Amino acid sequence: MSKNTDELFKNVIAHAKEYGFVFPSSEIYDGLSAVYDYGQFGSELKNNLKTYWWKAMVQMHENIVGIDSAIFMHPKIWKASGHVDGFSDPMIDNKDSNKRYRADQLLEDKIARYDKDGKTDKAEALQIAMDEALKNEDLPRLRELIIEHEIADPVSGTRNWTDVRQFNLMFSTQMGAIADDADLIYLRPETAQGIFVNYLNVQKSGRMKIPFGIAQIGKAFRNEVIARQFIIRMREFEQMEMQFFVRPGTEMEWYKQWKETRLQWHLALGTDEAKYRFHDHVKLAHYANAAVDIEYDFPFGFKEVEGIHSRTDFDLSQHQKFSGKKMQYFDPELDADGKPYGNYIPYVIETSIGLDRMFLLTMINAFDEEDLSTDEKQDSRTVLRLHPCLAPVKAAIFPLIKKDGLPEKAREIMDKLKLDFNLQYEEKDAIGKRYRRQDAIGTPFCITVDHQTLEDNTVTIRHRDTMQQERVAADDLDKIIGKLVSWKNLLS
RNA sequence: GCGGAAAUAGCUCAGCUGGUAGAGCAUCAGUUUCCCAAACUGAAGGCCGCGGGUUCGAAUCCCGUUUUCCGCUCCA
């Protein structure tokens, strides 16, 4: 990371806090690691990103509908999805090499070694002891076994081990008022399962025909071992996911199509194409037969913002198995032989974007420190060049000075416009200062009421990016601003 | 999790070999001002991250702890 990009990232974080976009969670209590709150402008920007995604994915597609499923779900769902078994491993660190291992794997290796050396008695005894400890989730016992059997770190060669700790990706809590009897409930680590378990409900109630999609925006929770880099990896984060159900055998066409469609969604915001790249997964997850990330060139390197996965019929098949409910779809369309495709479990293409990462990307991409120095005077401004559709505040209204009836006139204009747009009114400080303050939060337009306004009802409208002004009729403002902040600019 | 660094007003920072806190900007109340920041007057704002120790006395020295940053590690 060069000094410049490092500085940029730090400046964006500082700017985000100073201007009410992102605050560290629980800050007055020293903060809570890897949890952040969105402030007055951050939540507006975040909502606008959600709206853009929802409109592009749901409203623009007749065969995609949205849902909002609960964060709490039946614990069996996470058994079926593979999250319970796949993501709770007993881990142990070697203090000398700083390497981390799965405790059970170290023991398995030792058992294999005993077997190879013909010490089958020892191998068997250790196997039984280990299985017992794993079954009882007896972590101290696992460590004892590692010590007893003199297992050394292959890297450092030492036996200087930490305690065995359980790393579980999922947060858990209890359902029911009496903790003793309560069932263990997980906070969902992904929103996708809420879609899969409702796939039949939606398909039937909406009379959906394949191919069709179900979209959802919602919070997910992962107990990351290490969470860092601001809002890139948070313990509580928000996903925007769409699961697209297709006929088996057609999944690769759809995979390719969604890959392109999703990249276009990003590029429509005007971001430099060179900032984006696709990253194909070589090693695939257990449920996928193809996977690609859309990566953005953050100041600390290319990082995943969105994933497009071909998830096969893994999830629906698993739910069919675990719930005992048929997940199949009857496809009445005729194939090449003139026979209906009939019953099958659909294949799924998933598009999944991290809203918080998208938010950070948007902030970094918009952040600009512009040098406006002239020979006489040093000057600079900090401006967020947000797309007008995304800007938290669409316009600010200023009386040029705080007297002569200008504030009243400005208020009058504001009262009409605020029905359509999120606005700010400011009369304090010099006009230039007010312009700069709006630049810092990305407000695309500033409307100024001056003495001429009182005579002919015209105002000046000042554009954030160019700092140019034009004089327009106050009565036309709703049309002028409406056109510039319309979602049509992004969707068509 | 390991190693290194940092933490003083809302922000950026100063504060000497220990003697109980300072600037600029921002904020607030006025003054001034007809279009691009830092004009004038005044006010407010600090358990010097937290806890302990050394000392007559700690922002300053020592130990612990929390948080953040950097590297390593991890990342379905």
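For the numbers below, each heavy atom of this structure counts, side chains included, while hydrogens, waters and symmetry mates do not. Given the structure is predicted, the values throughout are model-derived calculations rather than measurements. All chains are named by letter (A, B, ...) in the order of the sequence lines, taking the proteins before the strands, and each is independently numbered beginning at 1.
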S.K.: Looking at A:Arg381 and A:Glu370, does any basic side-chain N land under 4.0 Å from a carboxylate oxygen?
M.R.: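 A salt bridge links A:Arg381 with A:Glu370.
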S.K.: Any donor-acceptor pair under 3.5 Å linking the side-chain atoms of A:Thr453 with those of A:Asp450?
M.R.: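 Side chains of A:Asp450 and A:Thr453: pair found under 3.5 Å.
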S.K.: Using only modelled atom types and a 3.5 angstrom limit, is any donor from either the side chain of A:Asp439 or the base of B:rC36 paired with an acceptor on the other?
M.R.: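 Looking at the base of B:rC36, it does not pair with any donor or acceptor on the side chain of A:Asp439 (distance under 3.5 Å).
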S.K.: Sticking with atom P, work out how far B:rG24 lies from B:rU32, rounded to a whole angstrom.
M.R.: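 It works out to 24 Å between them.
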S.K.: What's the CZ-P distance between A:Phe9 and B:rC70, to the nearest Å?
M.R.: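 So the two atoms are 7 Å apart, to the nearest Å.
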S.K.: Verify ring pair (Phe, Tyr, Trp, His ring centres under 6.0 Å) between A:Tyr296 and A:Phe298, making sure each step is shown before the conclusion.
M.R.: CA-CA 6 Å; A:Tyr296 178 79; A:Phe298 285 96; 5.1 Å; yes
S.K.: Atom pairs under 3.5 Å, N or O on each side, protein against nucleotides 24-28 of chain B: can you list them with distances?
M.R.:
| from | atom 1 | to | atom 2 | distance (Å) |
| --- | --- | --- | --- | --- |
| B:rA26 | OP1 | A:Lys433 | NZ | 3.1 |

S.K.: With a 4.0 Å cut-off, would you call A:Asp429 and A:Arg434 a salt bridge?
M.R.: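 Judged by the 4.0 Å cut-off on N to carboxylate O distance, A:Asp429 and A:Arg434 do not form a salt bridge.
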S.K.: Counting only heavy atoms not in A:Lys50 (residues, nucleotides, ligands), do more than 12 fall under 6.0 Å from its NZ?
M.R.: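 Counting neighbours around NZ of A:Lys50, more than 12 heavy atoms of other residues, nucleotides or ligands fall under 6.0 Å, so yes.
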S.K.: Taking the C1' atom in each of B:rC2 and B:rU60, what is the distance between them to the nearest angstrom?
M.R.: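 Taking atom C1' in both B:rC2 and B:rU60, they lie 30 Å apart.
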S.K.: Using the P atom as the point on both nucleotides, what is the distance between B:rU67 and B:rC16, in whole Å?
M.R.: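 After rounding to an integer number of Å, I get 29 Å for this pair.
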S.K.: When you compare B:rA59 with B:rU8, how far apart are their P atoms, in angstrom units rounded to a whole number?
M.R.: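 My reading of the P atoms in B:rA59 and B:rU8 gives 15 Å.
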S.K.: Taking only the C1' atom of each, what is the distance from B:rA58 to B:rG18 in whole angstrom?
M.R.: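 It works out to 6 Å between them.
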S.K.: Could you state the NZ-C1' distance from A:Lys403 to B:rU32, rounded to the nearest angstrom?
M.R.: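 To the nearest whole Å, that distance equals 8 Å.
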S.K.: Note every stem involving RNA chain B: at least three consecutive Watson-Crick or G-U wobble pairs, i with j then i+1 with j-1, with both distances under 3.5 Å.
M.R.: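 Stem list for RNA chain B: B:1-7 with B:66-72, B:10-13 with B:22-25, B:27-31 with B:39-43, B:49-53 with B:61-65.
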S.K.: Is there a donor N/O on one and an acceptor N/O on the other, under 3.5 Å, for the side chain of A:Arg462 and the base of B:rC35?
M.R.: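 It does not, because no donor-acceptor pair links the side chain of A:Arg462 to the base of B:rC35 below 3.5 Å.
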S.K.: Within a reach of under 6.0 Å around CZ of A:Phe322, are more than 12 heavy atoms found that belong to other residues, nucleotides or ligands?
M.R.: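 It does: A:Phe322 CZ has more than 12 such atoms within range.
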S.K.: Can A:Asp415 and A:Arg411 be counted as an ion pair, charged N to O under 4.0 angstrom?
M.R.: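 No salt bridge links A:Asp415 with A:Arg411.
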S.K.: Which whole number of Å gives the distance between the C1' atom of B:rU66 and that of B:rG51?
M.R.: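 Comparing C1' positions in B:rU66 and B:rG51 gives a spacing of 10 Å.
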S.K.: Rounding to a whole Å, what distance do you find between A:Arg436:CZ and B:rC35:P?
M.R.: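 Atom-to-atom, A:Arg436 to B:rC35, this comes out as 15 Å.
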S.K.: Rounded to whole Å, please give me the gap between CD1 in A:Ile461 and P in B:rC36.
M.R.: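 Rounded to the whole Å, the gap is 18 Å.
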S.K.: Quick test of your reading of the model: are A:Arg464 and A:Asp439 salt-bridged, counting only N-O distances below 4.0 Å?
M.R.: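 No, this pair does not count.
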S.K.: Using the C1' atom in both, what is the distance from B:rA37 to B:rU27, to the nearest Å?
M.R.: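 Looking at atom C1' only, B:rA37 and B:rU27 are 16 Å apart.
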S.K.: For B:rG15 and B:rG53, measure between their P atoms and round to the nearest Å.
M.R.: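 Between the two P atoms, the distance is 29 Å.
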S.K.: Taking the side chain from A:Arg462 and the backbone from A:Thr448, do they hold a donor-acceptor pair closer than 3.5 Å?
M.R.: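 Judged by distance alone, no pair lies under 3.5 Å.
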S.K.: A:Glu369 CD to B:rC11 C1': how many Å, rounded?
M.R.: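 The distance from CD of A:Glu369 to C1' of B:rC11 comes to 14 Å, rounded to the nearest Å.
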S.K.: What is the distance, to the nearest angstrom, from the NZ atom on A:Lys17 to the P atom on B:rU12?
M.R.: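 Rounding to the nearest Å, NZ of A:Lys17 and P of B:rU12 are 8 Å apart.
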S.K.: Counting any heavy atom closer than 4.0 Å, what does A:Gln469 reach on the DNA or RNA strands: base, sugar-phosphate only, or nothing?
M.R.: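 Counting heavy atoms under 4.0 Å across all strands, the contact made by A:Gln469 includes a base.
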S.K.: Using a strict cut-off of less than 4.0 Å between a Lys/Arg side-chain nitrogen and an Asp/Glu carboxylate oxygen, indicate whether A:Lys46 and A:Glu238 qualify as a salt bridge.
M.R.: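 A salt bridge links A:Lys46 with A:Glu238.
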S.K.: Which residue, A:Met467 or A:Glu190, contacts RNA chain B at a nucleotide closer to its 5' end, judged by nearest heavy atom?
M.R.: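 Its nearest nucleotide being more 5', the pick is A:Met467.
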